[in-house]
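Structure first, then comments.
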Amino acid sequence: MVNSNVMRAVGEALESQNPDPRRDEPMADRIARALHISGSQAEEWLDALDQGATLEDANRIAGIETRRENEPVLIAIGRAIGNLAGALKTAPDKIA
């Protein structure tokens, strides 16, 4: 199960880039749609991020190439996860 903090950071980044989520759409499907990748790549990517991989490493693990259509989303997600990591290091007891 992917860490809820990672899921929240990714979800917020996706909302900032694509405010029109589909009703009852699983996060992996939403990521796949936003990044133009397969569902299995999205799950692999989320698992890698959850295990502490950098965004670049998670992209490599899942076989995701940065392209013009997915670059803004990847940048937003990278920033959100970076902010999360900084918050966890400075105040781990305040992040739920």
Side-chain angles (χ1 to χ4, degrees):
M1 182 84 189
V2 177
N3 180 296
S4 63
N5 292 320
V6 171
M7 292 295 280
R8 184 177 22 206
V10 171
E12 288 173 2
L14 288 175
E15 284 179 23
S16 74
Q17 296 298 309
N18 183 8
D20 189 27
R22 295 179 180 162
R23 184 180 169 109
D24 299 326
E25 181 177 37
M27 181 63 81
D29 291 347
R30 190 169 174 203
I31 291 167
R33 187 167 51 91
L35 296 179
H36 304 280
I37 59 176
S38 71
S40 62
Q41 282 178 298
E43 288 177 13
E44 221 177 348
W45 183 79
L46 270 176
D47 287 340
L49 289 175
D50 186 46
Q51 296 299 316
T54 65
L55 187 62
E56 287 179 348
D57 286 342
N59 291 349
R60 183 184 46 73
I61 289 165
I64 298 171
E65 295 180 26
T66 302
R67 298 183 307 266
R68 184 177 47 205
E69 63 268 10
N70 70 7
E71 185 175 28
V73 178
L74 287 170
I75 289 170
I77 291 170
R79 286 183 179 145
I81 290 173
N83 290 339
L84 170 65
L88 289 173
K89 286 181 182 176
T90 59
D93 57 326
K94 295 183 181 183
I95 306 295

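Throughout, numbering of the chain's residues begins at 1 and tracks the sequence.
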- Message: Quick check for you: to the nearest 0.5 Å, what is the distance between E44 atom CD and I64 atom CD1?
- Response: 8.5 Å

- Same cluster for M27 and I37 if Ile/Leu/Val/Met/Phe/Trp/Tyr side chains link at under 4.5 Å? yes

- List for me each residue that meets side chain to side chain contact (heavy atoms under 4.5 Å, CB included) alongside E25, sequence neighbours excluded, and say none if there are none. R22, D29, R30, R33

- Message: I'd like to check L46 versus E43 (side-chain heavy atoms, cut-off strictly below 4.5 Å). Are they in contact?
- Response: no

- Item | Inter-residue atom distance N59.CG - L35.CG, 0.5 Å rounding | 8.0 Å

- What are the two closest non-hydrogen atoms of A32 and A42, and how far apart are they? N-CB, 3.9 Å

- Between L14 and I31, the two heavy atoms sitting closest are CD1-CG1, 3.7 Å

- Any idea which heavy atoms bring A58 and L49 closest together, and the distance? CB-CD2, 3.7 Å

- Search all heavy atoms of L74 against all heavy atoms of L55 and return the closest pair with its distance. O-CD2, 3.2 Å

- Query: Any donor-acceptor pair under 3.5 Å linking the side chain of E71 with the backbone of T66?
  - Reply: no

- Task: Please determine if E65 and R67 form a salt bridge, counting it only when a charged side-chain N lies under 4.0 Å from a carboxylate O.
- Result: no

- Query: Quick one: does W45's side chain get under 4.5 Å of I61's, heavy atoms only?
  - Reply: no

- Straight-line distance of R68 CZ to H36 NE2, nearest 0.5 Å: 10.5 Å

- Query: Where is the tightest heavy-atom contact between A13 and A80, given as atom of each residue plus distance?
  - Reply: CB-CB, 4.1 Å

